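Each chain gets a letter, A, B and so on, in the order the sequences are listed, and its residues count up from 1. Bear in mind the structure is a predicted one, so any value in this text is a computation, not a measurement. FYI, side chains are in, hydrogens and waters are out, and symmetry mates aren't considered; it's all heavy atoms of this structure.
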Amino acid sequence: MGRLVVIQGATAAGKSAVAASLALGYQCPVVSCDSRQFYREMTIGTAVPSPEELAAATHYFIQDRSIEEPLSAGAYEQEALVLLEKLFAHHSTVILVGGSGLFADALVYGLDPLPTSETIRGELNTIYERDGLAPILEALRMADPVHYNLVDRQNPLRVIRALEVCRASGMPYSNLRTARHATRPFSVVRLAVDMPREELYHRINSRVEQMVHRGLEDEARALIAQRHLAPLRTVGYSEFFDYFDGKLSKEATIDKIKQNTRNYAKRQLTWLRRERDLRYFAPSDIEQIVQWLENSTHGII
RNA sequence: GGUGCCAUAGCUCAGAUGGUAGAGCAACGGACUGAAAAUCCGUGUGUCCCUAGUUCGAUUCUUGGUGGCACCA
């Protein structure tokens, strides 16, 4: 049975470098679970792995599609499972790395097979924009009183999605949620790259400066016609769109990108904190990581 | 050097005729099953510059400092 080594951590913590080092050592491929690095139009602003890192191993799910064809967490799960089956035919180890906690969990634990309907969602969004969330909440209360009581009723995305599932399936959303973890044909070892908050924030700030230096503004400007697409709702692009609209000065734009990236990193850390058996390492601890991986493989841990 | 004004949260500031204080932003904490770098929720974190007085009680009033700003020299 193959082994999936999952590398997580906040943005700018150094995940890509760790993944590349390990992949070089194990001579194994790297699969990304970064929901923004999928898209070839977004290079600078998503901090895709460097050419050196990409040369160290074969990388998958890195800039292999267009923002015109967004990849959802569920679609990612399915596509990545097919890929892993192929990869494990030739490799005993595959590395999964990326900052999107939901996408990593979708692949590791699996999502319930909930339906999706762009049509229904579109209708609900129209109602929401016209009449607010109240009518949608009321419809959800009728369709699924159990979930109505559990859902974050102030979060439009959650409420709309739940009703979308009810309408598309003809069943209450709460009936379809199993909270069971899927069985996978591979074992999973998880680790996270971390460092003191102050240091992480410093790295984020300087990486944003680098992005600007490398031409993030031009990259964003080239995408302004497609700004409504989901993948472009992304830190670094949204702020520059505001700048192009004259809402922010250049300096304020860059400061805002730094701040929003720090806030994003904090949310990533919150997500990971609930993961009980997650082992944390400094990004420079490659030898310790390799040692730990060997020990866990041989059942020492 | 003189005169005046100011000093309160990380920042910008409000405030109490004396009963140890609150807004915005930031920050911090949390949620998360197909929009997830998205979306949403929660939390004031404080030698009220220092000192000595007056007072039952001073961040508030008074004295003397210190720092900043402005004006005059």
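Here the C1' atom of nucleotide B:A38 and the CZ atom of A:R267 are 8 Å apart, to the nearest Å.
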Both distances under 3.5 Å, Watson-Crick or G-U wobble: on that basis, could you give the dot-bracket string for RNA chain B, with [ ] for crossing pairs and | for other-strand partners? (((((((..((((.....[..)))).(((((.......))))).....((.((..]....)).))))))))).
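By the 6.0 Å contact criterion, CD on A:E68 is enclosed, its count of non-hydrogen atoms from other residues, nucleotides or ligands being greater than 12.
Under the side chain to side chain contact (heavy atoms under 4.5 Å, CB included) criterion, A:Q288 pairs with A:F281, A:D285, not counting sequence neighbours. The ring pair (Phe, Tyr, Trp, His ring centres under 6.0 Å) search around A:F103 returns A:F38, A:Y76, not counting sequence neighbours. Under the rule for a salt bridge (charged side-chain N to carboxylate O under 4.0 Å, His left out), A:R153 has no partner lying at least two apart in sequence or in another chain.
Toward the 5′ end of RNA chain B lies the nearest nucleotide of A:R180, the other residue of the pair A:R180 and A:Y237 mapping further downstream. Heavy-atom distances to RNA chain B give each of A:R177 and A:D34 a nearest nucleotide, and the one nearer the 5′ end belongs to A:R177.
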In sequence, state the C-alpha distance, the side-chain angles, and the governing distance for A:E217 and A:K250, and then conclude on salt bridge (Lys or Arg N to Asp or Glu O under 4.0 Å). CA-CA 10 Å; A:E217 180 178 345; A:K250 183 75 167 284; 2.9 Å; yes
A:Q37 vs A:Q63, side-chain hydrogen bond (donor to acceptor under 3.5 Å, both in side chains): CA-CA, chis, key distance, verdict: CA-CA 6 Å; A:Q37 294 179 358; A:Q63 301 198 291; over 6 Å; no
Passes salt bridge (Lys or Arg N to Asp or Glu O under 4.0 Å), A:D152 versus A:R158? Steps please. CA-CA 7 Å; A:D152 178 354; A:R158 294 279 135 69; 5.4 Å; no
Would A:E164 and A:R121 satisfy salt bridge (Lys or Arg N to Asp or Glu O under 4.0 Å), going step by step from the backbone distance to the final call? CA-CA 6 Å; A:E164 173 196 343; A:R121 185 183 303 181; 2.8 Å; yes
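Using a 4.0 Å cut-off, some side-chain N or O of A:R197 falls inside it from OP1 or OP2 of B:G29. For the OP1/OP2 pair of B:G30 and a distance below 4.0 Å, the side-chain nitrogens and oxygens of A:T270 include at least one atom meeting the criterion. For the OP1/OP2 pair of B:A36 and a distance below 4.0 Å, the side-chain nitrogens and oxygens of A:R36 include at least one atom meeting the criterion. Contact annotation: A:R161 side-chain N/O to B:G34 OP1/OP2 distance is under 4.0 Å. Under 4.0 angstrom from either OP1 or OP2 of B:C32 there lies no side-chain N or O belonging to A:R158. Between A:K266 and B:A27, a side-chain N or O to OP1/OP2 separation shorter than 4.0 Å is absent. A sub-4.0 Å separation between OP1 or OP2 of B:A35 and a side-chain N or O of A:Y76 is absent.
Here the CZ atom belonging to A:F61 is positioned 8.0 Å from the CG atom belonging to A:L107, to the nearest 0.5 angstrom. Once rounded to the nearest 0.5 Å, the distance linking CG of A:D131 with CD1 of A:I136 reads 8.5 Å. For the atom pair CZ of A:R167 and CG of A:L163, the computed distance is 4.5 Å after rounding to the nearest 0.5 Å.
Counting any heavy atom pair closer than 4.0 Å across all strands shown, A:Y109 reaches no nucleic acid atom.
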Review item, nucleotides 23-26 of chain B N/O atoms under 3.5 Å of protein N/O:
| unit_1 | atom_1 | unit_2 | atom_2 | d |
| --- | --- | --- | --- | --- |
| B:A26 | OP1 | A:Q259 | OE1 | 3.1 |

Quick one: which protein N/O atoms are closer than 3.5 Å to N/O atoms of nucleotides 43-46 of chain B? Pair and distance per line, please.
none

